[in-house]
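Remarks on the structure that follows.
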Amino acid sequence: MAGLNERWEEAQRRYQQQYRQYGKPDFSETMKRFFHSKDSLSRLIIINIAVWLLIVLINVLYFLFQWAKPAGCSNHLVYYLSLPSGIDNLMRRPWGIFTYMFVHQKFWHLFFNMIVLYYSGKVFLKFFNDRQLLYTYIIGGLFGALFYVAGMNIFPVFSSTVSISIAIGASASVMAILIAAATYTPDLEVNLFYLINMKFKWLAVIIVALDIIGIASGNSGGHIAHLGGALWGFTYGLLSRRQGTDIFAGIREKYRKYQREQKAKTEAEIKKKQEKKAMDDAAKRKQKEQDKIDEILKKVSMSGYSSLTQEEKNILFSKSKR
């Protein structure tokens, strides 16, 4: 535990030094490097932007051709990629549990989510690796989906809208990354909008508090989903502080062991089948040879040895030497 705390404090010092050394980054150069990189953070942001642009393009077609829109959505793509809160609808569109976390209808919804994802993701990657960021994004989104569907079906206030409500957006996933980083390194000082310096933990507390307050003031289901993502982020950050950042190492090792066992089992079954096939082929060849011998002997008994061809005599001779 002492060693982990030392590494954690050293990572914080390193990050603060880099921040003070480079100061306010050049935005255009930062974005250029960012979109040329191949890490999960850039790919997640690019996917979200690409899906939004596709939705915007489809909206233009809906406007031009005056197509009918589904209830609560700008087009049918949003409808089919969204997360329905009604259990019946969810059973018909189960993929929404995953796809909703990449879907935005409005520009500002996308913009603020991606800004928070970018900056919180940069802090996250100071202490965790690229794969862990992707896991946190996905699992945080799944926790958000669970909280959203459960909340919409449990609380009586939503009884009249649960059958038609849907959720979209990366907010729960973004919350998971932000809260995970803040939980792992709570005393890290962050500069908010280049105006206010505060400890990361207080920024996280404020954001979670705003979501709790917001439940009663609009977009209730969305705020509940955010809290689901925040719960996973807090859990992951806390476990990472106590056990090391790679809390999935044991799970991956068990999965690799399972894969090795399955591979060995498959190879053993293939070898067994090959051996059986070889034995069957040998038995067939032996039976074929015996049938040929029986045919030759029958010919001898009926017409005598002299009636045999040279090939048949050779067969009999080789058989007699065995």
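- Heavy-atom minimum distance, W52 versus K106: NE1-C, 3.8 Å.
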Evaluate side-chain contact (heavy atoms from CB on, under 4.5 Å) for K201 paired with I179, printing each intermediate quantity in order. CA-CA 8 Å; K201 62 184 177 183; I179 300 300; over 6 Å; no
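- In terms of heavy atoms, A68 sits closest to H76 at O-CE1, 3.4 Å.
- Taking NE2 from H109 and CE from M114, the interatomic distance works out to 8.5 Å, rounded to the nearest 0.5 Å.
- Between I270 and the options E267, K273, Q274, K272, a side-chain contact (heavy atoms from CB on, under 4.5 Å) holds for only Q274.
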Given L188 and K199, is the side-chain contact (heavy atoms from CB on, under 4.5 Å) satisfied, shown in steps? CA-CA 5 Å; L188 175 70; K199 289 186 176 181; over 6 Å; no
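- A distance of 13.5 Å separates CG in L178 from OH in Y119, rounded to the nearest 0.5 Å.
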Using the rule given for side-chain contact (heavy atoms from CB on, under 4.5 Å), can you reason through L210 versus I206, listing the C-alpha separation, both sets of side-chain angles and the distance that settles it, and then say yes or no? CA-CA 6 Å; L210 289 174; I206 290 170; 4.0 Å; yes
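- Considering OH of Y100 and OG of S173, their distance stands at 5.5 Å, rounded to 0.5 Å.
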Would C73 and I166 count as a side-chain contact (heavy atoms from CB on, under 4.5 Å) here? Give the steps. CA-CA 9 Å; C73 299; I166 60 170; 3.1 Å; yes
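- Residues Y137 and M101 meet the side-chain proximity criterion, which asks for heavy atoms closer than 4.5 Å.
- Counting all heavy atoms, side chain and backbone alike, S74 lies closest to V78 at OG-CG2, 3.8 Å.
- At a threshold of 4.5 Å between non-hydrogen side-chain atoms, the residues D211 and M175 count as touching.
- Side-chain atoms of Q132 and S40, non-hydrogen and from C-beta on, never get closer than 4.5 Å to each other.
- Side chains of L90 and S85 form no contact here, defined as non-hydrogen atoms less than 4.5 Å apart.
- Between Y79 and K69, the closest side-chain pair of non-hydrogen atoms is not below 4.5 Å.
- With hydrogens and angles ignored, the 3.5 Å screen pairs a side-chain donor or acceptor of S159 with a backbone N or O of P156.
- Look at D88 and R92 and you find no salt bridge, because none of the NZ, NE, NH1 or NH2 atoms lies under 4.0 Å from a carboxylate O.
- Listed by chain and residue number, F124, T136, Y236 satisfy the side chain to side chain contact (heavy atoms under 4.5 Å, CB included) test with A180 (two or more places apart in sequence, or in another chain).
- In F200, the CZ atom is crowded: over 12 heavy atoms of neighbouring residues, nucleotides or ligands sit closer than 6.0 Å.
- The distance from the CG atom of D130 to the OH atom of Y135 is 10.5 Å, given to the nearest 0.5 Å.
- Heavy-atom minimum distance, V208 versus A230: CG2-CB, 4.3 Å.
- Each of V51 and Y80 belongs to its own hydrophobic cluster when Ile, Leu, Val, Met, Phe, Trp and Tyr are linked at side-chain heavy-atom distances under 4.5 angstrom.
- When ring centroids are compared, F98 and W95 stay outside the 6.0 Å threshold.
- Considering every non-hydrogen atom in both S163 and N89, the closest pair reads O-ND2, 2.8 Å.
- Here the OH atom belonging to Y62 is positioned 8.0 Å from the CG atom belonging to L77, to the nearest 0.5 angstrom.
- Using a 4.5 Å cut-off between side-chain heavy atoms of Ile, Leu, Val, Met, Phe, Trp and Tyr, with links allowed through other members, L110 and L54 fall into the same hydrophobic cluster.
- A distance-only check finds no donor-acceptor pair linking the side chain of T183 to the backbone of G237 [under 3.5 Å].
- With a 4.5 Å cut-off on side-chain heavy atoms, T99 and L83 do not count as touching.
- Note on F102: it clusters hydrophobically with F111, by side-chain heavy-atom contacts below 4.5 Å among ILVMFWY residues.
- Looking at N113 and H104, their side chains come closer than 4.5 Å, going by heavy atoms from C-beta outward.
- The ring pair (Phe, Tyr, Trp, His ring centres under 6.0 Å) test applied to W202 returns no partner, not counting sequence neighbours.
- Contact record, S120 with A181: O-CB, 4.5 Å, taken as the closest heavy-atom pair.
- Relative orientation of the H226 and H223 rings is perpendicular, given thresholds of 30° and 60° on the angle between their planes.
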Would you check, one step at a time, whether the test salt bridge (charged side-chain N to carboxylate O under 4.0 Å, His left out) holds for R43 with D39? CA-CA 6 Å; R43 290 298 176 258; D39 58 23; over 6 Å; no
Candidate pair F158 and Y148, rule ring pair (Phe, Tyr, Trp, His ring centres under 6.0 Å), full reasoning: CA-CA 11 Å; F158 305 123; Y148 172 74; 8.4 Å; no
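- The structure places CG of L133 at 4.0 Å from CD1 of I177, a figure rounded to the nearest 0.5 Å.
- Note: the hydrophobic cluster containing V174 does not contain V205 (ILVMFWY, side chain heavy atoms under 4.5 Å, direct or indirect links).
- Under 4.0 Å is where a charged nitrogen must lie from a carboxylate oxygen, and between K276 and D280 at least one such pair does.
- Under the 4.5 Å side-chain criterion, counting only non-hydrogen atoms from C-beta, F107 is not in contact with F112.
- I139 and Y184 fall within a single hydrophobic cluster, where Ile, Leu, Val, Met, Phe, Trp and Tyr side chains are chained together by heavy-atom contacts under 4.5 Å.
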